[in-house]
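A short worksheet on the structure shown next.
Since the model is a prediction, treat every value here as computed from it, not as a measurement.
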Number of protein chains: 2
Amino acid sequence: MDRPEAYPITYGVLGLLAFWGPMSGYDLKRLFDHALAPMWAAAHSQIYKELRRMQELGWVEMEREEQETRPDRKVYHMTQAGREALAAWQAQPSEVLQLRDELLLKITFGSFAPPAAVAANLRAGIAFHEQRLLQYRQNLQQLPVYQQPRQASGRPNPYASESEEDRYFSLVARFAIAFEKTYLDWLYETLASVEAEKPEESK
Amino acid sequence: MDRPEAYPITYGVLGLLAFWGPMSGYDLKRLFDHALAPMWAAAHSQIYKELRRMQELGWVEMEREEQETRPDRKVYHMTQAGREALAAWQAQPSEVLQLRDELLLKITFGSFAPPAAVAANLRAGIAFHEQRLLQYRQNLQQLPVYQQPRQASGRPNPYASESEEDRYFSLVARFAIAFEKTYLDWLYETLASVEAEKPEESK
DNA sequence: TATATCATGTAATCGGTTACATGATTAA
DNA sequence: TTAATCATGTAACCGATTACATGATATA
């Protein structure tokens with residue numbers, strides 16, 4: 001009976017609307033992938049669900065933008081109630097992160113497979129996380145690019161100046177990079193440890 | 001149509017049975033909480049589901065242990081097919097970790113709340129993760145405790161000696177600790193940064 | 001007396017994922 | 001010509017969470 005009316009992803013969508021101004025579900029999905037992927041991923045179907053939910057809550061409103069060559073754009077903008085919900089969220093306690101990583105689980109039971117298989121898994125992880133680290137570093141440098149579509153219509157945020165808003169984004173981006181580095185350090189060390197155990201397996 | 005027959009949590013339960021020998025769903029839940037919580041948490045209802053799933057796959061078998069004062073214990077043990085499935089899992093590619101952290105998301109949009117609220121969120125995160133780090137460190141030292149219930153019935157694992165099995169567990173436990181440390185470092189730095197911005201807000 | 005633990009499950013709900021669906025434009 | 005992108009959604013499924021359920025024992 002006490003189900004929350006909104007979830008982290010709801011506020012993720014709402015925050016993007018607050019930060020970058022009105023846009024469509026399609027735009028939101030792309031922004032999500034670039035700006036929020038490190039801490040919360042979302043499929044486009046989920047974003048559309050959240051937009052519908054917030055519309056019912058009165059947190060956003062939709063306006064049709066007619067297009068001749070493509071389907072109409074449904075542009076969503078945040079309402080005053082939405083802004084208040086976003087601020088109220090900050091005062092609520094947060095669910096604490098629970099890792100759910102198949103690779104870690106697999107390595108845990110690595111003793112039930114030949115060491116070469118464990119090493120292969122570690123190498124696959126290294127390849128992926130190296131690429132992601134690279135991408136996060138590029139995102140950090142490209143962050144200002146995404147600020148162009150923001151309309152500065154009368155400074156709607158009473159809590160922070162524009163430069164302070166950016167600070168939070170780059171602070172979290174730095175966490176994402178630190179996390180990937182920690183993960184990679186561990187992967188390399190673990191790989192070395194696994195290969196050291198069976199030197200004849202390494203090629 | 002191509003849904004997998006098993007999921008990471010399935011192999012988590014299977015791995016515990018392989019490692020510690022036959023036990024009940026209740027035992028599995030407790031072991032899960034102590035040994036696998038850092039990389040994959042599970043509710044007891046989920047564990048019972050997985051046991052049913054694996055029974056249908058022929059990966060485990062159940063034997064009733066009658067008890068007078070309590071309900072009968074249903075003790076599950078791994079079959080040969082289960083052992084093969086566990087090994088085959090190691091050769092399959094892994095889903096890559098996707099963080100889903102409400103606190104990070106909240107901080108990202110911290111500019112829509114007063115800095116004191118952001119600082120409060122960071123402090124709550126610090127309190128929780130400090131405690132978790134402590135718990136992980138204790139778990140690492142207590143790891144040998146959980147090895148007592150293991151029955152060494154004819155060395156059923158051809159890939160690793162008993163000491164090597166333990167190595168993987170402590171390797172992953174070390175990751176969990178490294179992760180918590182990275183998270184805490186970031187929390188402290190971010191808190192300092194937020195408090196430095198508005199010195200009159202800090203109390 | 002009341003809470004916690006032992007011990008086992010079922011049922012309902014829901015966020016998240018995957019697949020399905022449409023149709024035009026544009027670049028390889 | 002084929003694939004990708006723009007643009008918008010719906011439907012089905014499922015892992016995971018929460019709540020419901022039972023009943024004895026032990027501890028505060």
*asked:* Between A:Arg53 and C:dG15, is there a contact of a side-chain N or O with OP1 or OP2 at under 4.0 Å?
replied: yes
_Test side-chain contact (heavy atoms from CB on, under 4.5 Å) applied to A:Glu65 - qualifying residues, sequence neighbours left out_ = A:Arg73, A:Val75
*Side-chain donor or acceptor of A:Lys49 under 3.5 Å from a matching atom on the base of C:dG16?*
yes
*Using atom types as modelled and distance alone, determine if a side-chain donor or acceptor of A:Ser193 lies under 3.5 Å from a backbone N or O of A:Glu189.*
no
_Could you tell me how far apart A:Glu65 (CD) and D:dC6 (C1') are, to the nearest whole angstrom?_
14 Å
*side-chain N/O B:Arg73 vs C:dC6 OP1/OP2, d < 4.0 Å*: no
*Sequence neighbours left out, what passes side-chain contact (heavy atoms from CB on, under 4.5 Å) with A:Arg100? Give chain and number order.*
A:Gln98, B:Trp40, B:Ala41
_Under 4.0 Å, counting only non-hydrogen atoms across every strand here, what does B:Arg64 touch: a base, just sugar-phosphate, or nothing?_
nothing
*Are the charged groups of A:Arg137 and A:Glu180 less than 4.0 angstrom apart, N to O?*
no
*asked:* Is it the case that the ring center of B:Trp59 lies less than 6.0 angstrom away from the ring center of B:Tyr11?
replied: yes
_Stretch residues 40-47 of chain B: residues that reach within less than 4.0 Å of DNA chain D through a heavy atom_ = B:Trp40, B:Ala43, B:Ser45, B:Gln46
*Proximity to DNA chain D (any heavy atom under 4.0 Å), residues of residues 87-103 of chain B only*: none
*Could you tell me whether the side chain of A:Asn139 and the main chain of A:His34 form a donor-acceptor pair under 3.5 Å?*
yes
*Atom pair distance, as rounded to whole Å: CG in A:Leu51 and P in C:dG15*: 15 Å
*With sequence neighbours excluded, tell me which residues meet side-chain contact (heavy atoms from CB on, under 4.5 Å) with A:Ala87.*
none
*If you pin B:Met62 and A:Ile9 to their nearest nucleotides in DNA chain C, which one's is more 5'?*
B:Met62
*Who passes side-chain contact (heavy atoms from CB on, under 4.5 Å) against B:Ala37, sequence neighbours left out?*
none
*In whole angstroms, how far is the P atom of C:dG15 from the OH atom of A:Tyr48?*
19 Å
*Between atom CG in B:Asp33 and atom C1' in C:dT5, what is the gap in whole Å?*
14 Å
*Would you mind reading off the distance between B:Glu50 atom CD and D:dT17 atom C1', rounded to a whole angstrom?*
14 Å
*Give A:Tyr7 one of three labels, base, sugar-phosphate or nothing, depending on what nucleic acid heavy atoms sit under 4.0 Å from its own.*
sugar-phosphate
*Mind checking B:Arg52 for me? I need base, sugar-phosphate or nothing, with any heavy atom below 4.0 Å counting as a touch.*
sugar-phosphate
*Atom CD of A:Glu5 and atom C1' of C:dT13: how far apart are they, to the nearest Å?*
18 Å
*Taking CZ from B:Arg30 and P from C:dT8, how many angstroms apart are they, rounded to a whole number?*
10 Å
_Any A:Tyr26 side-chain N or O less than 4.0 Å from OP1/OP2 of D:dC6_ = yes
*Spell out, as yes or no, whether a donor-acceptor pair under 3.5 Å connects the side chain of B:Trp186 to the backbone of A:Ala176.*
no
_Using modelled atom types and a 3.5 Å cut-off, is there a donor and acceptor pairing between side-chain atoms of A:Gln90 and backbone atoms of B:Lys106?_
yes
